[in-house]
A.B. asks: 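Structure below; questions to follow.
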Amino acid sequence: MKIPTATYRLQFRNGLTFDTATALIPYLKKLGISHLYASPVFTATTGSEHGYDITDANEIDPALGGQAGFDRLSQALKAAGLGLILDIVPNHMAASLENRWWRDVVQHGENSRYARHFDIDWSQPLTLPFLGESFEDALEKGDIRFAPDPETGEPALAYFDTFYPVAPGTLEANEKTLSKTGIAELHARQPYRLMSWRDAPRELSYRRFFEITGLAGVRVEDDAVFDDTHRLILELVKSGKADGLRVDHVDGLADPKAYLMRLREKAGADCYITVEKILGKGERLPPDWPVSGTTGYEFIASLSDVLVNDEHIAVLRDHYDNVVGQPVDMQQELRAAKLMMTDKNFEGEFTTLQKLALEIAATEGVSTDDNAVRLALRELLIAFPVYRTYGTAQGLPPEDAALLCRIIRKVKSTALFIAPETLSFLARILYARTSPATSAQATVFRTRFQQLTGPLMAKSVEDTLFFRQNMDLALNEVGAEPLPRTFSPDRFHDEMRKRLEEQPDALSATSTHDTKRGEDARARLFTLTEAPERWAACVSRWHKMNEANVIMLPDGPAPRPALTWMLYQALAGAWPGTLNPDDAAGLQALDERFQGFVEKALREAKLRTNWDNSNEDYEKAVLDYARHLLSPDNRRFLQDFHDAIQPFIHAGLVNSLTQTALKMLAPGVPDIYQGSEALNFSLVDPDNRRLPDFAGLERLLMRDGKEAESRANGQLKQQMIARLASLRQQKPALFQQGDYLPLTTTGPHAGNVIAFARSHQDEAVIVAAPRLVFGLNAENFPQAELILPAPLTGRRYHDLFSGQTFTLTDRLDLSQWPGLSPVILLQKRV
């Protein structure tokens, strides 16, 4: 297997096609990239902005250039010596009539040859929750009519421009035109039921991806379904056009391990495979999965141990609590978010589990009732600290059994009364300890339970809690721990040693298409923990400057102070380092992006508005407030804001270089998200999926620039990536197999340095990078000495950036290096 040395993620669509990507190959080559890492390239719904809503898994999307365009890209990559990694989506497909499999299921119901391809409950009609209101109301208004499909000419039930096919044999010969009563009767004879999208959380008959009803779960655990959905994927691998696969949302599958075993068998031993998997606190990737590792969210989380000032974060938390008006109990906030998700957003999935449990209880002769099962089941789901366990019909793996035991103890210790016999009964189902008479039902329950805990965690934490609680937005990231903890470089070192041992070939990400903000915005916002008093004073001053634009609504001020804390912080993270307050065009461009972020943030928080039921008055008031912040007329604030965040900007740029050096040289395969080789101050999607200025990036890489300028425009970061990616190509064994050695520093600024070495046989590289530099003199590296162990001493090294060569003793004075940039020393062979 050829392990990548550095990958470059491209988000196809939104202006990026195969021909666009082909033209980028010379640039990627100069950047030192070994593998292009592509977002899904298979045919998706018309106008798809991401490609995860696949309609045909066995066709290359014509919108991207089709098979011919893909082949040109593949050939050009091979000619340049670059590999290709494809993002595949086994968990779901688009629940769209453009998907011919789904269309066939809609028309033929349980008799469709694809009826078992999708995860559908066929004890009821297939629910189609795509109406803006109930079927009855839409029919009464005349929005539903009987008409021929303009594409096929076949009879259909038309809802505006969507034509739902009529099942064969359900239309009477004399039914050429139908009254409202006739349409209702015809609808009742269909294998599907048209319904309002608002009813989906309660009544959906198919498994969906998270809360997205337009993405229907696929049963790849079935061999025939696996073969049908992976035909083209495996052809691309076996033909050598694809060198690796990234498996999207592996935790959504019925049996991730079995799927990955089959994928490995079919794809072969040489295919590089990673999985999108969120690892919780203390969780490790199952060692028996035949993959190289994850896509790297845990690496993002580990960087906070380096860049957060643990000594001052409590001060920032106190200031945030004061703004909120009371101390924030994150444990209770997390519980509240999970309760809401369980009771409302995933009500249907929860109810299905409850009914299954009651059916099993009846067969097993267990005495319980609806309420007891509901309470115990809900507490089990809420108490889960990780995305899921990996139980099968045979039971739980030992580590998952131990986890479940801890969870049950936690549930028993709660103040709520949970019937112990009911809790024990649910545990027996999950442990696979029920009788043979209920083993099949128990397996279904276990699978459904495990497929729910992941979405419940993701939507509760990433898409609710992280938009409600905003002490430091840098900590509100995919894969991050939602509860307060300590931050320590020692913990980072521990994580890297484990990473080297357990998944040395996994991807190391800092930005992705799903991160809440770009890596350089996050690096900047980490610095709030270094100067919490200054930040709190700024927010207080800005709030007073703009308080005339706060609107009083019946349910309170809009925005409240806690929300303004978030708005100013988000704006500080997204503010381009080169933007001046008198640049009207630049302010307008930022405002357009900021408006989209604010609207999404308000709805994801689900406090005073949400996606299901938007509060227009509230949203308008907050959006107007945000728009006022960036109005050229708001000169006093803009000048003050610009001047006040400069120290945070400068310290953030140092953090950017430090996290880049760590990603490029620590265990794992560095993944560069499109455009992030320079500076990425993006906000949450869709802002982070915008097409980068690739021409500008290529020019930036090739031109000379002064250090201050090159640091501010991202050139220094980009050149560091190119240099280190090239080094990884030259010395793959050093970075794939080399030891990870944490290094000790002493001196006045010892705590302002993170240092380690990688060594393998007669090769070594030493890394020392600045941290927590807010307020430090930028002329020189922090005053600290690096203590080197004997295996690294007495050797010749050269500075990778200055080119200077010298022999190292057991100590290295870091203060002799100019500026606040990482020091990287490579052993020079004699």
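Only heavy atoms go into these numbers, but all of them, side chains included; no hydrogens, no water, no symmetry mates. In this text, all values refer to a predicted model and were calculated from it rather than measured experimentally.
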A.B. asks: Hey, is CE on Met261 packed in by over 12 heavy atoms from elsewhere, all under 6.0 Å?
C.D. replies: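 No.
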A.B. asks: Quick one: do Asp87 and Tyr52 satisfy side chain to side chain contact (heavy atoms under 4.5 Å, CB included)? Show the steps, please.
C.D. replies: CA-CA 9 Å; Asp87 192 343; Tyr52 290 95; 2.4 Å; yes
A.B. asks: Without swapping roles, check the side chain of Arg9 against the backbone of Gln674 for a donor-acceptor pair under 3.5 Å.
C.D. replies: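 It does not hold such a pair.
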A.B. asks: Under 30°, 30 to 60°, or over 60°: which ring-plane class applies to Phe449 and Phe445, parallel, tilted or perpendicular?
C.D. replies: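 Rings of Phe449 and Phe445: parallel, under 30°.
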A.B. asks: Answer yes or no: is there a side-chain heavy-atom contact under 4.5 Å between Asp514 and Tyr297?
C.D. replies: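 Of all side-chain heavy-atom pairs linking Tyr297 with Asp514, at least one is under 4.5 Å.
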A.B. asks: Identify whether the distance between the nearest side-chain nitrogen and carboxylate oxygen of Arg448 and Asp121 falls below 4.0 Å.
C.D. replies: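 Salt bridge: no.
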A.B. asks: Looking at Lys516, Lys600, Lys606, which one forms a side chain to side chain donor-acceptor pair (under 3.5 Å) with Asp463?
C.D. replies: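 The single option meeting the side chain to side chain donor-acceptor pair (under 3.5 Å) with Asp463 is Lys516.
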A.B. asks: If you round to the nearest 0.5 Å, how far is CG of Leu507 from OG1 of Thr274?
C.D. replies: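 Thr274 atom OG1 to Leu507 atom CG measures 4.5 Å (nearest 0.5 Å).
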A.B. asks: Under the side-chain hydrogen bond (donor to acceptor under 3.5 Å, both in side chains) criterion, do Gln67 and Asp71 qualify, and how do the steps go?
C.D. replies: CA-CA 6 Å; Gln67 187 69 54; Asp71 288 345; 3.0 Å; yes
A.B. asks: Is any side-chain heavy atom of Thr295 less than 4.5 Å from a side-chain heavy atom of Val247?
C.D. replies: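 When only atoms from C-beta onward are counted, Val247 and Thr295 do not touch, as no gap falls below 4.5 Å.
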A.B. asks: Applying ring-ring contact (aromatic ring centres under 6.0 Å, His included) to Phe118 and Tyr206, what does each step give before you reach the verdict?
C.D. replies: CA-CA 8 Å; Phe118 299 97; Tyr206 59 88; 8.5 Å; no
A.B. asks: Given Tyr8 and Tyr673, is the ring-ring contact (aromatic ring centres under 6.0 Å, His included) satisfied, shown in steps?
C.D. replies: CA-CA 6 Å; Tyr8 193 93; Tyr673 182 69; 8.5 Å; no
A.B. asks: Hey, is Arg499 close enough to Glu495 for a salt bridge, meaning N to O under 4.0 Å?
C.D. replies: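 Looking at Arg499 and Glu495, the cut-off is not met.
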A.B. asks: What I'd like to find out is whether the side chain of His249 reaches to under 4.5 Å of the side chain of Phe210, using heavy atoms alone.
C.D. replies: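 Touching, per the 4.5 Å side-chain cut-off.
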A.B. asks: Taking 4.0 angstrom as the limit, do Arg262 and Asp255 come out as a salt bridge?
C.D. replies: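 So Arg262 does not pair with Asp255 through a salt bridge.
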A.B. asks: Would you call Glu477 and Arg517 a salt bridge, using N to O less than 4.0 angstrom?
C.D. replies: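 So Glu477 does not pair with Arg517 through a salt bridge.
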A.B. asks: Identify whether the distance between the nearest side-chain nitrogen and carboxylate oxygen of Arg116 and Asp222 falls below 4.0 Å.
C.D. replies: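 A salt bridge is absent here (no side-chain N lies under 4.0 Å from a carboxylate O).
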A.B. asks: Does Arg72 pair with Asp19 as a salt bridge, N-O distance under 4.0 Å?
C.D. replies: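 Looking at Asp19 together with Arg72, the answer is yes, because their closest N to O distance falls below 4.0 Å.
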A.B. asks: Between Asp270 and Lys238, does any NZ, NE, NH1 or NH2 come within less than 4.0 Å of an OD or OE carboxylate oxygen?
C.D. replies: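 A salt bridge is absent here (no side-chain N lies under 4.0 Å from a carboxylate O).
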A.B. asks: Is any side-chain heavy atom of Leu126 less than 4.5 Å from a side-chain heavy atom of Val105?
C.D. replies: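 In short, these two side chains touch, coming nearer than 4.5 Å.
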A.B. asks: Would you call Arg284 and Glu502 a salt bridge, using N to O less than 4.0 angstrom?
C.D. replies: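 Salt bridge present between Arg284 and Glu502.
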A.B. asks: May I have the step-by-step check of ring-ring contact (aromatic ring centres under 6.0 Å, His included) for Tyr390 and Trp289, ending in yes or no?
C.D. replies: CA-CA 11 Å; Tyr390 298 96; Trp289 285 10; 5.1 Å; yes
A.B. asks: Is there side-chain contact between Leu475 and Leu525, with at least one heavy-atom pair below 4.5 Å?
C.D. replies: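 No, side chains not in contact.
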A.B. asks: Please lay out, stage by stage, how Phe130 and Trp197 fare under the test ring-ring contact (aromatic ring centres under 6.0 Å, His included).
C.D. replies: CA-CA 5 Å; Phe130 305 114; Trp197 61 269; over 10 Å; no
A.B. asks: Taking 4.0 angstrom as the limit, do Lys277 and Asp248 come out as a salt bridge?
C.D. replies: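 Asp248 and Lys277: not salt-bridged.
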A.B. asks: Could you walk me through whether Leu697 and Asp693 pass the side chain to side chain contact (heavy atoms under 4.5 Å, CB included) check?
C.D. replies: CA-CA 6 Å; Leu697 287 167; Asp693 177 9; 5.6 Å; no
A.B. asks: Quick one: does Asp53's side chain get under 4.5 Å of Ser96's, heavy atoms only?
C.D. replies: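 They are not in contact (no side-chain heavy atoms under 4.5 Å apart), so the answer is no.
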